[in-house]
Every structure is written in C-alpha cells, then in structure tokens.
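Numbering of ligands and ligand atoms starts at 1, following listing order. For the single chain, residues carry numbers from 1 onward in sequence order. All values derive from a computational prediction rather than experimental measurement.
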Amino acid sequence: MSQTPSDSPTLGVIGLGYVGLPLAVTAARAGVAALGFDVKDSVVETVNSGRSHIGDVPHQEVEEFREKGMLEATTDFARLAECDVISICVPTPLSKTRDPDISYIMAAGQSVAEALRPGQLVILESTTYPGTTREVLLPLFEDKGLEVGKDFFLCFSPERVDPANRVWKTHNTPKVIGGITEACLERGRSFYQRFVETVVAVSSTEAAELTKLLENTFRAVNIALVNETAQIADRLDVDVWEVIEAAATKPFGFMKFTPGPGLGGHCIPVDPHYLSWKMRTLDYRARFIELASEVNAEMPHFVVDKVREALNQERKAVNGSRILVLGVAYKKDVDDVRESPALDILYALEADGGEVEFHDPFVSELQEDGTVRRSVPLTDEALEGADAVLLLTDHSSFDLERIFDGSRVLVDARNATSQVAGARDGGRPGAWIVKG
Ligand code: SAJ
C-alpha cells in the first residue's frame, strides 16, 4: 500500500461484494486508500489483478486504483490493524428457518476485535435488526479494554446500493449514519463527507438500523399491495398495469410500484424479516411485514396458473409441454438469482411435468440440488418450438418484437410486451397471457 498522506485515513472494507467494492473504489477515487478484506481467494485475486467481479464496478476502475496504489485486497484479516476506518459490508441472509443469520457480522466483528487498536472507527453497513451494533458488536470491542467514543469509535450506516442503478451511486446517494456516542457520530460523519455528497446524521445506531428497515419494508409492503391489486384486477378482468399507470398520474400522494412474478433479491425479501424477528423477541407482531410476505409469495403460483391456463386454451397440459422461460435473474439487468421467484416458477412447472428451458443473457447456469441447468441460446427455433414462452425478467437487451412474433403462446409477468401486443392482431396488451 502506498503511504497515504497523514491527513487521509486508510479505509478497510470487509466484504468486497455489491456494497463493499463500490464503497472501496468510491473512497479511492476521493484519495482515501482502500484495503479490501474478503474470505474468498477468488475475489481477492480478481481485485488484485485489476478486474471487477461486480457489475456496477467497471474493470478499468479497479485497474486504475490498483495502479495508483489506492486499492488492494487481502484475505489476511490481521491487516485490519493498518486501517484507520473499517467498514463492515457482509451479507445478512436468513437461516433455513427464516430467522436472521448474523454469523457473517459476528465473524467480521471477531476479526475487527482481534486487530482493534486506539483511534479506529468501525462502521457496520450491513442491513440488520435494530440493536445489532450496540448489543452484538460493541461488547466484542469493549472486551479489549478499550472505551467506545474515546479509544475507538462505532457507528451504523446502512448501505443503499441499488444494483444496476445508473443514476444513484455510492457517492451521490445520501448516507444515513448513527453513532454509539456523539464523538462516534462526528468521526463517522466527517469520514463519509470525504466522498459522499450528503451525510444524514441520526441520534443513535438503532435509529439508523431502523431507517434502513423502514426503507426496505416500505418497498416489500407496496410491492405486495400492487401484487394483490393484480390478483384483484385479474378477477375483475381489468388490466392492472393500465390502472397503475392511471393512478401514477396523481401528482401527489401516490408512488408507482408494478406487479411481477414475486419478490426477489437478497434485500427486499429478507430485510423486513430481520425487523419482524426482532419485534417477536419484544412480544410484538409486525403484521404488515408478515402479510406482505404472504402476498408476495403467492405470485409465483399465480404465474404458474397463468401458464397452465394459456396451455389449456391450446388443449395442452403443462405435463409434457415445452416451456421456454425468458429471464431468471431477480430483476432486470442484474445477474443475481438469489431469492428469484423465477426459480420457484421454473421448478414448479418442472414438477408438473413441464419440459422447461431458460434463456437469460446475465445468468449462464443454474445449480439446484446438484442439477445444473444451462441458459439456452434465444434462437427462433427455441421460441417457435416452445408450447409456451414465459417472460419473467424484462432485461433491457430483450428484442420484445422478436419474442412476441416468434412465440406461439406468450405469458408476460412483467407487462414488458404490452406495446408490441397492442400493435399485433390477436395481441392482448395488459393481460398476463399476451398471446395465444
Ligand atoms: N419489484 C417488483 N415491483 C416493483 C419493484 C420491485 O415486483 O415495483 C421486485 C423486483 O423485481 C425484485 C424485488 O422486487 O424482484 C426487489 O427489487 P428492488 O429493486 O426493490 O430490490 P434490490 O434488492 O435490487 O435493491 C433494493 C434497492 N432498490 C431500490 O431502492 C430501487 C434498495 O431498496 C436497497 O438499497 C437495496 O435493495 C438493499 O440493498 O437493501
């Protein structure tokens, strides 16, 4: 690592994923040397070779900061002692029983505790339940005999990365931060102000933790609302997307969300459960979160029923039919299939005897229970040979006219082909079964 100017701290980033790597390169761009820590040798080797494994970070950015000696990656967590600021950006998934799994935070916290030295500022960025910073991380550090707010500083600042978002990046997305003490908050605020345009201070780490969970619960609940509206509209034979577009003309008091095949990603389907779990320990039921989860989980079944209905109109059963799924990523223009509802739909159709293939330009293969499925090329034969084509992820690169014209039966779970359907004889814009 190059010797950074004494007035510029070295930032340690634990977890070089879709949050950590953008954070590291954003800091490096502002002249803050970044030392990335990851448990995966492959990630460390990729970064140190000047390449990026994260879609939102171009290779040349990693290469540039490597060459300038402003970015390095390591698996040696003892080097945390070199860092003046340490940001923890590790996954916070759910366990098999859908409870919070903070094992990654605990592991990172242990590593930080072992290397902790006076003067360091530690910031937890991973989304977690209110109380984690104070109840889980702080004791690990105080066990070292150091005093928070005096010898070391501890904050929570939620990450707000929206994968594939071309407008809102780490540097221009307002950053909320809360400290264990006022001195902690000041250290955290002044650090982020070096490379984040807007820093929003709140009064505690719990307030910052709950802010993030409100943001993502807001999305999960509103997505569930439009998904329920979609099921209501379907029973009323009304085009739900037309209704949503009309409602979105209201210049105040409404925010547009769109129905889809369900709720995917490693954040929105997961984060609210951290809050509902915490509330159960405080003998309170977070009903909106639980209800939203139920409604969103209905959508894969709703879509499978639409495929069944579309085939039935052709006097075919799912069993034995060839079904081509277009897009398995959890949302457009990303390569992530975590919690993707497309997988539930694909496996359900297979369980019903469907001969299912998928094409996704971002996802080359799926591995499930030892079975590997590979993305097939989107050829005319693949489209015409399918008894039903099912569009689940509306990647921007999809040629929607070709897909519509080449399909005998087309079920569209994203209303992506509505315009094409409206311009074609027999097309049904705004329906789920847009052709056939
Ligand atoms: N979805 C819908 N209808 C909508 C919006 C989303 O069905 O109107 C679906 C998507 O297809 C996807 C899921 O919900 O399967 C989640 O989509 P998302 O874009 O809300 O979730 P993420 O995980 O890609 O990113 C979100 C961030 N997104 C936005 O703010 C737009 C943000 O909430 C967080 O910064 C991020 O999760 C995180 O890390 O928490």
- Message: Quick test of your reading of the model: are Arg51 and Glu63 salt-bridged, counting only N-O distances below 4.0 Å?
- Response: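 The answer is no: the pair does not qualify as a salt bridge.
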
Tell me whether the rings of [X] and [Y] are parallel (<30°), tilted (30 to 60°) or perpendicular (>60°).
| X | Y | answer |
| --- | --- | --- |
| Tyr18 | His266 | perpendicular |
| Phe257 | Phe218 | perpendicular |
| His359 | Phe398 | tilted |

- Query: In this structure, are over 12 heavy atoms from other groups packed under 6.0 Å from Glu64 atom CD?
  - Reply: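 Correct, the count exceeds 12.
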
Show the short N or O contacts, below 3.5 Å, that ligand 1 makes with protein N or O atoms; if there are none, say 'none'.
from	atom 1	to	atom 2	distance (Å)
ligand 1	3 (N)	Thr258	O	2.7
ligand 1	8 (O)	Thr258	N	2.8
ligand 1	8 (O)	Thr258	OG1	3.4
ligand 1	11 (O)	Tyr330	O	3.3
ligand 1	11 (O)	Arg414	NH1	2.9
ligand 1	11 (O)	Arg414	NH2	3.2
ligand 1	15 (O)	Gly264	N	2.9
ligand 1	15 (O)	Tyr330	O	2.8
ligand 1	19 (O)	Lys331	NZ	2.8
ligand 1	20 (O)	Arg219	NE	2.6
ligand 1	20 (O)	Arg219	NH2	2.9
ligand 1	24 (O)	Tyr330	OH	2.7
ligand 1	24 (O)	Lys331	NZ	2.8
ligand 1	25 (O)	Asp162	OD1	3.4
ligand 1	28 (N)	Asp162	OD1	3.2
ligand 1	33 (O)	Asn216	OD1	3.1
ligand 1	35 (O)	Val161	O	3.1
ligand 1	35 (O)	Lys212	NZ	3.4
ligand 1	39 (O)	Tyr18	OH	2.9
ligand 1	39 (O)	Glu159	OE1	3.4
ligand 1	39 (O)	Glu159	OE2	2.6
ligand 1	40 (O)	Lys212	NZ	2.8
ligand 1	40 (O)	Asn216	ND2	2.6

- Task: Could you verify whether a donor N or O on one side chain and an acceptor N or O on the other, from Asp412 and Thr417, lie under 3.5 Å apart?
- Result: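 Yes, because at least one side-chain N or O of Asp412 sits under 3.5 Å from a partner of the opposite role on Thr417.
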
